[in-house]
**Q** 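Below you'll find the structure I mean.
Just so we're clear, the structure is a prediction, and the values are computed from it rather than from any experiment.
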Amino acid sequence: MTSQKEQLEELTTKLGSFPEEVRNQLKDGHSKFLETWDPSKTIQVGDKLPAFIMTDATGKEVSSASLLTKGPLLITFYRGEWCPFCNIAIAFLQKHLPEFQARGVTLVAISPELPNHNMTATEKHALQFPVLTDLHNAFARKLGIVYDQSSAKDLHASLGLDLNERNGDSSWEVPIPATLLVDKDGVVRNTAIEPDWKLRLDPKQALEWIDAMQK
């Protein structure tokens, strides 16, 4: 079976088949983002995780406080079910879920998509961990990990994707791919915040974080 890295690389190669105009729009949008993005303004190791209350795919409210009563959290930000790179990453996290659970860690995905779309993702990928709705990217904004996706408008239109409908606003904003390990006291112990939307943290790396934290 191919690895997560191999699947992501294969998908990146397929981007070459997109029309040149679309590829240039994506490239220019990403370049503009990098011109202003300041990694030092994102959530940092040692920071206290801001408290949150979000809705899961079934409409139930879930708070960070209730999750932390169970122990450490591994939080992954999921741009949306429309994103094939995200879907590869979320599938590999699901495969490693028993290993996270065996270590007493709760895995949580956070997406700006509305609950009905998160339910689609949950069912389609047979996810056994919660996918929470970060409405209008309010929580992602607190962490400094919001990305302007408007450069992909033409691509989304060609694929029949309505990001505004999926997210319930017209901002064209999504979270930067990010994964955080948070200890039981709510302190961030590790971060992987990747401005390149084609890359993702390998779950095996997350397991190494957890093992190091628990030594």
**Q** Could you pull out the closest heavy-atom pair between Arg23 and Gly16, with the gap in Å?
**A**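 Smallest interatomic distance, heavy atoms only, reads NE-O, 3.6 Å.
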**Q** Tell me if a side-chain donor or acceptor on Gln44 pairs with a main-chain N or O of Pro39 at a distance below 3.5 Å.
**A**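 Checking the backbone N and O of Pro39 against the side chain of Gln44, a donor-acceptor pair under 3.5 Å is found.
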**Q** Which heavy atom in Cys86 sits nearest to a heavy atom in Arg200, and how many Å separate them?
**A**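 Result for this residue pair: SG-NH2, 3.1 Å.
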**Q** For a 4.5 angstrom cut-off between non-hydrogen side-chain atoms, does Pro175 reach Pro112?
**A**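 Yes, at least one pair of side-chain atoms sits under 4.5 Å.
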**Q** Between Leu68 and Thr106, does a side-chain contact (heavy atoms from CB on, under 4.5 Å) hold up when you go through it step by step?
**A** CA-CA 8 Å; Leu68 285 168; Thr106 299; over 6 Å; no
**Q** What's the shortest heavy-atom distance between Gly144 and Thr42, and which atoms?
**A**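 Looking at all heavy atoms of both residues, the closest pair is O-CG2, 3.2 Å.
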**Q** Atom NE2 of His117 and atom CH2 of Trp82: how far apart are they, to the nearest 0.5 Å?
**A**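 If I round to the nearest 0.5 Å, the distance is 12.5 Å.
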**Q** So, Gln94 side chain and Gln128 main chain: donor-acceptor pair closer than 3.5 Å or not?
**A**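 Yes, because the side chain of Gln94 sits within donor-acceptor range (under 3.5 Å) of the backbone of Gln128.
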**Q** Carefully, step by step, assess Thr179 and Gln205 under the rule side-chain contact (heavy atoms from CB on, under 4.5 Å).
**A** CA-CA 11 Å; Thr179 305; Gln205 179 66 56; over 6 Å; no
**Q** Is it true that Trp197 and Phe85 have ring centroids separated by less than 6.0 Å?
**A**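 That pair passes the under 6.0 Å test.
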**Q** What's the spacing between Lys27 NZ and Glu20 CD if we round to 0.5 Å?
**A**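 Atom-to-atom, Lys27:NZ and Glu20:CD are 10.0 Å apart.
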**Q** Looking at Ser64 and Ala51, what are the two nearest heavy atoms and their distance?
**A**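 Scanning both residues, the minimum pair turns out to be OG-CA, 3.4 Å.
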**Q** For Arg166, is there an ion pair with Glu81 - N to carboxylate O distance below 4.0 angstrom?
**A**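 Between Arg166 and Glu81 there is a salt bridge, with a charged N closer than 4.0 Å to a carboxylate O.
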**Q** If the test is side chain to side chain donor-acceptor pair (under 3.5 Å), which one of Gln101, Lys95, His96 qualifies with Glu99?
**A**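 Of the listed options, the one satisfying the test is His96.
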**Q** Same cluster or not: are Ile75 and Phe92 linked, directly or through other Ile, Leu, Val, Met, Phe, Trp or Tyr residues, by side-chain heavy atoms under 4.5 angstrom apart?
**A**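 Yes, it is one cluster - the side chains of Ile75 and Phe92 are joined through contacts under 4.5 Å.
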**Q** Assess whether side-chain contact (heavy atoms from CB on, under 4.5 Å) is satisfied between Tyr147 and His30, documenting all intermediate values.
**A** CA-CA 9 Å; Tyr147 182 85; His30 189 246; 3.6 Å; yes
**Q** Is there a side-chain contact between Trp172 and Asn167 (heavy atoms, below 4.5 Å)?
**A**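 The answer is no, as the side chains (C-beta and beyond) never meet within the 4.5 Å cut-off.
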**Q** Using only atom types and a distance under 3.5 Å, with no angle test, would you say the side chain of Asp148 pairs donor to acceptor with the backbone of Phe33?
**A**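 No: the side chain of Asp148 does not pair with the backbone of Phe33.
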**Q** What's the separation between atom CE in Met213 and atom CG in Asn190, rounded to the nearest 0.5 Å?
**A**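 Met213 CE to Asn190 CG: 8.0 Å, rounded to 0.5 Å.
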**Q** Once you round to the nearest 0.5 Å, how far does CG of Leu15 lie from CG of Leu26?
**A**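 Leu15 atom CG to Leu26 atom CG measures 7.5 Å (nearest 0.5 Å).
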**Q** Below 4.5 Å, heavy atoms only, C-beta onward: do Val182 and Arg189 meet side chain to side chain?
**A**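 Result no, sub-4.5 Å side-chain heavy-atom pair not found.
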**Q** What distance do Asn116 atom CG and Glu165 atom CD have between them, rounded to the nearest 0.5 Å?
**A**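 Between atom CG of Asn116 and atom CD of Glu165 there are 6.5 Å.
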**Q** With hydrophobic residues grouped by side-chain heavy-atom distances under 4.5 Å, do Met119 and Leu127 end up in a single group?
**A**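 Each belongs to a different hydrophobic cluster.
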**Q** Taking the basic N atoms (NZ, or NE/NH1/NH2) and the acidic carboxylate oxygens, is any pair closer than 4.0 Å for Lys5 and Glu9?
**A**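 Looking at Glu9 together with Lys5, the answer is yes, because their closest N to O distance falls below 4.0 Å.
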**Q** Are Leu163 and Val146 connected, step by step, through hydrophobic side chains (Ile, Leu, Val, Met, Phe, Trp, Tyr) whose heavy atoms are closer than 4.5 Å?
**A**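 In one cluster: no.
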**Q** Linking I/L/V/M/F/W/Y whenever any side-chain heavy atoms sit under 4.5 Å apart, do Leu132 and Phe100 land together?
**A**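 In one cluster with Leu132: Phe100, no.
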**Q** Is any side-chain heavy atom of Leu181 closer than 4.5 Å to a side-chain heavy atom of Ile210?
**A**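 With C-beta onward as the side chain, the pair touches.
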**Q** So, does Ser171 use its side chain to make a donor-acceptor pair with the main chain of Glu173 at under 3.5 Å?
**A**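 Side chain of Ser171 to backbone of Glu173, a donor-acceptor pair under 3.5 Å: yes, one is there.
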**Q** Check whether Asn137 reaches the backbone of Arg141 with its side chain - one donor and one acceptor, N or O, closer than 3.5 Å.
**A**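 Checked: no pair found.
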**Q** When you group the ILVMFWY residues by side-chain heavy-atom contacts below 4.5 Å and let the links chain together, are Leu67 and Ile43 in the same group?
**A**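 Per the 4.5 Å side-chain linkage, Ile43 and Leu67 are co-clustered.
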**Q** Minimum heavy-atom separation for Gly80 to Ser111, with atom names?
**A**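 Between these two residues, the closest heavy atoms are CA-OG, 4.2 Å.
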**Q** Any side-chain heavy-atom pair from Leu180 and Leu74 closer than 4.5 angstrom?
**A**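 Leu180 vs Leu74: side chains apart.
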**Q** Within the side chain of Arg79, is there an N or O that forms a donor-acceptor pair under 3.5 Å with the backbone of Val174?
**A**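 Here the side-chain-to-backbone pair does not exist.
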**Q** For the residue pair Leu107 and Leu73, establish whether any side-chain heavy-atom pair is separated by less than 4.5 Å.
**A**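 A side-chain contact is absent here, since even the closest heavy-atom pair is not under 4.5 Å.
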**Q** Which value, rounded to the nearest 0.5 Å, describes the distance between Leu143 atom CG and Ile176 atom CD1?
**A**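 If I round to the nearest 0.5 Å, the distance is 10.0 Å.
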**Q** Please work out whether the ring planes of Phe139 and Phe77 are parallel, tilted or perpendicular, with thresholds of 30° and 60°.
**A**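 Plane angle under 30°, so parallel.
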**Q** Can you tell me if Lys48 uses its side chain to pair, donor with acceptor, with the backbone of Asp185 under 3.5 Å?
**A**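 Such a contact is found between Lys48 side chain and Asp185 backbone.
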**Q** Would you please say whether a donor-acceptor pair under 3.5 Å links the side chains of Thr69 and Ser66?
**A**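 No.
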**Q** Carefully, step by step, assess Ile88 and Leu11 under the rule side-chain contact (heavy atoms from CB on, under 4.5 Å).
**A** CA-CA 10 Å; Ile88 289 172; Leu11 195 54; 3.9 Å; yes
**Q** Can you find a pair of side-chain heavy atoms, one from Thr133 and one from Met54, that are under 4.5 Å apart?
**A**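 The answer is no; the side chains never approach within 4.5 Å.
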**Q** Are Lys198 and Asp196 within salt-bridge range, i.e. N to O under 4.0 Å?
**A**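 Looking at Lys198 and Asp196, the cut-off is met.
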**Q** Would a distance-only check, ignoring hydrogens and angles, find a side-chain to backbone donor-acceptor pair under 3.5 Å from Gln4 to Leu201?
**A**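 Present.
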**Q** Asp56 and Pro115: which non-hydrogen atoms are nearest, and at how many Å?
**A**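 So the minimum-distance heavy-atom pair works out to O-CB, 3.7 Å.
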**Q** Is the backbone N or O of Lys60 less than 3.5 Å from a side-chain atom of Thr55, with the two atoms forming a donor-acceptor pair by type?
**A**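 Side chain of Thr55 to backbone of Lys60, a donor-acceptor pair under 3.5 Å: no, none is there.
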**Q** Can you tell if the side chain of Phe129 reaches within under 4.5 Å of the side chain of Ile90, non-hydrogen atoms only?
**A**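 Touching, per the 4.5 Å side-chain cut-off.
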**Q** Please check this pair: side chain of Gln214 against backbone of Arg103, looking for a donor-acceptor N/O pair closer than 3.5 Å.
**A**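 Yes: the side chain of Gln214 pairs with the backbone of Arg103.
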